Amino acid sequence: MVDLSEPVGVLVAGGGNAGLCAALAARAAGARVLVLEAAPHSHRGGNSRHTRNLRCMHMGPTAVLTEAYSEKEYFEDLLRVTAGATDEALARLTIRGSAACTAWMEAQGGRFQPALSGTLHLGRTNAFFLGGGKALLNAYYRAAEARGIEVLYEAEVLDVALRDHRFHAATVRHQGREHEVRAGALVAAAGGFEANLDWLREAWGAPADNFLIRGTPYNQGRLLRALLAQGVRQTGDARQCHAVAIDARAPRFDGGIVTRVDCVSLGIVVNRNGQRFYDEGEDFWPKRYAIWGRLVAEQPGQIAYAVIDRKAIGRFMPTVFPPIQADSIRGLAALLELDSDVLEETVGAFNASVRPGCFDHTRLDDCRTEALEPPKSHWARPLDTPPFYGYPLRPGITFTYLGVAVDERARVLMADGRTAANLFAAGEIMAGNVLGQGYLGGIGMTIGTVFGRIAGEEAAHACA
Ligand SMILES: Cc1cc2nc3c(=O)[nH]c(=O)nc-3n(C[C@H](O)[C@H](O)[C@H](O)COP(=O)(O)OP(=O)(O)OC[C@H]3O[C@@H](n4cnc5c(N)ncnc54)[C@H](O)[C@@H]3O)c2cc1C
């Protein structure tokens, strides 16, 4: 039984990857640790339980990564996707710290798959968790329990009290009652605000009503909001997020990875008016999938439809939902509730503009359209082989980037320029320091692991 009236050493708010890394590191540094997790036991692990991999720098092949991935290349990749919107010192700290991640994770019970090849071509840069993020988080919880870390489920941090730039106490709701929990230090690891539909609406307006949330409904951003209200410095802006196109039939929350639609580059995408609106073959899918959530969000009604023909089947990872299927474009339009004449015209114009080329989905091939707006730059083949298939698409929000500013010791920075001595942050709640915009696959878990470990250790020292 956890006694909430008893002050603890390190209080960790949030039981996802960042929170558990912080808790394990704080415990290893000798602190008494209490993790407060808003979700019930069955849904512990936040968005982290949906993940598959993390991105690691390494100087040569390892048991779980091929070749090498240098700090220079990693940082250049990050600069490219963020267009420079990153704090270089924190980004380099993340990248250097990533080199030690897999060994540390294995020491906590995490397991990895042998290096992968396949659709996402990530075997060189990303280490894949055996059993996915769910297995990783279960291993972390097992290690936490074995090491005497206390965990309280259905315990939501509602507010925090800071006194003279120091964390004093948290207001926690548990089993319908509010408690004041005092601690020597707090690690804020309660994720972003992506599941807070009102907050998304504040940022995006009415279109947010049509967004689906790929991860946990428990990331409501309450702690983030409380910290900002206490004078903590904000980083990032509320509209920046990771958003992909997911199957419109996915649930409102927690659909996870199996709802992502990966056939965009093999066909065309039209909006509800039956019109194409972006180059589906602009670049390799792993480099482009993260822009499609935003593109769909900008379309009328925040809905779009990916259309492919039989030639595409077997060339992409299918979603958990079967595609909608018809023997003609007109038939498909009717099933998708699109105007049949318009869709037929769009497909006809697309087919007529396709130049002959040598189709190769593994490279930027020469199959492209000519005199078509928008163009399709690669992998353009006529949609002429029935059956035809359609996937309805909605914006799927993965996580938001608005967060709290931190320094290299994961200490939270105040808006007035001071540093909060015993208040730390890790994971999504501070990821915006590194990811001002854009996304680099696998860096979410890297940020959480690197900063979680730093935050946990620092918090243990701060309360010693
Ligand atoms: C479908 C999907 C796939 C993804 N795949 C990958 C991937 O393969 N690789 C990668 O790097 N990233 C991936 N991400 C992003 C990744 O999930 C995040 O970057 C990472 O998990 C963030 O970890 P975190 O611990 O900060 O947040 P979370 O894992 O979301 O944990 C936050 C925890 O805080 C709890 N909480 C929230 N509010 C409170 C409160 N007020 N009080 C107490 N507890 C609270 C929540 O219940 C939750 O358990 C994916 C995300 C999704 C949704």
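First listed ligand is number 1; within each ligand, the first listed atom is number 1. None of these values were measured; they are calculated from a predicted model.
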Please walk me through it: do R96 and E71 pass salt bridge (charged side-chain N to carboxylate O under 4.0 Å, His left out)?
CA-CA 7 Å; R96 287 179 197 141; E71 176 181 338; 2.9 Å; yes
Pick whichever of G448, G191, S48, A195 has a heavy atom sitting closest to atom 21 (O) of ligand 1.
S48
Best match, L158, V157, N53, L137: closest heavy atom to atom 9 (N) of ligand 1:
N53
Among the heavy atoms of [X], does any lie under 4.0 Å from an atom of ligand 1?
X	result
Q220	no
L54	no
G192	no
Y439	yes

Regarding ligand 1, does [X] bring an N or O atom to under 3.5 Å of one of the ligand's N or O atoms?
X	value
R44	no
T398	no
T216	no
G442	yes
G46	yes
I257	no
A38	yes
R222	no
G427	no

Which part of [X] is near ligand 1, with near meaning a heavy atom under 4.0 Å away: side chain, backbone, both or neither?
X	value
T51	both
I447	neither
F193	neither
A189	backbone

Kindly write out the residues that satisfy salt bridge (charged side-chain N to carboxylate O under 4.0 Å, His left out) with E106, not counting sequence neighbours, or none if the list is empty.
none
Using the salt bridge (charged side-chain N to carboxylate O under 4.0 Å, His left out) rule, take D77 and K72 through it: C-alpha gap first, then chi angles, then the decisive distance, then the call.
CA-CA 9 Å; D77 285 346; K72 181 170 178 289; over 6 Å; no
Taking the inter-plane angle between the rings of [X] and [Y] on a 0 to 90° scale, is it parallel (under 30°), tilted (30 to 60°) or perpendicular (over 60°)?
X	Y	answer
F399	H242	parallel
H179	H174	tilted
W379	F284	tilted
W204	F211	perpendicular

Among all protein heavy atoms, pick the one closest to [atom] and tell me residue, atom and distance.
atom	result
atom 34 (O) of ligand 1	G14 CA, 3.3 Å
atom 49 (O) of ligand 1	E37 OE1, 2.6 Å
atom 3 (C) of ligand 1	H50 O, 3.7 Å
atom 31 (O) of ligand 1	G16 CA, 3.3 Å
atom 8 (O) of ligand 1	R52 N, 2.9 Å
atom 28 (P) of ligand 1	N47 N, 3.5 Å
atom 18 (C) of ligand 1	E428 OE2, 3.4 Å
atom 19 (O) of ligand 1	G444 CA, 3.3 Å

For [X], take its heavy atoms, then give the atoms of ligand 1 lying under 4.0 Å from any of them.
X	result
I443	11 (O)
G45	29 (O), 49 (O)
L36	43 (C), 44 (N)
F399	15 (C), 19 (O)
N17	25 (O), 29 (O)
G256	1 (C)
A18	25 (O), 26 (O)

Verify salt bridge (charged side-chain N to carboxylate O under 4.0 Å, His left out) between R294 and E298, making sure each step is shown before the conclusion.
CA-CA 6 Å; R294 198 170 282 269; E298 286 161 0; 5.7 Å; no
Is it true that the NZ or CZ of [X] lies under 6.0 Å from the centre of [Y]'s six-membered ring and within 45 degrees of the ring axis?
X	Y	answer
R52	F129	no
R92	F75	yes
R260	Y289	yes

For this output row, return yes or no: ring centroids of F316 and W285 closer than 6.0 angstrom.
no
Is [X] salt-bridged to [Y], cutoff N-O under 4.0 Å?
X	Y	answer
D164	R418	yes
E202	R225	yes
R288	D279	no

Run R249 and D247 through salt bridge (charged side-chain N to carboxylate O under 4.0 Å, His left out) and show every step you take.
CA-CA 5 Å; R249 296 164 291 181; D247 198 303; 2.8 Å; yes
Take atom CZ in R177; do more than 12 heavy atoms of anything else shown fall under 6.0 Å from it?
no
Can you pull out every side-chain hydrogen bond (donor to acceptor under 3.5 Å, both in side chains) where at least one residue sits in residues 8-32? Sequence neighbours excluded, please.
N17-T449, R32-E150
Heavy atoms only: give me the nearest L224-L402 pair and the separation to one decimal.
CD2-O, 3.5 Å
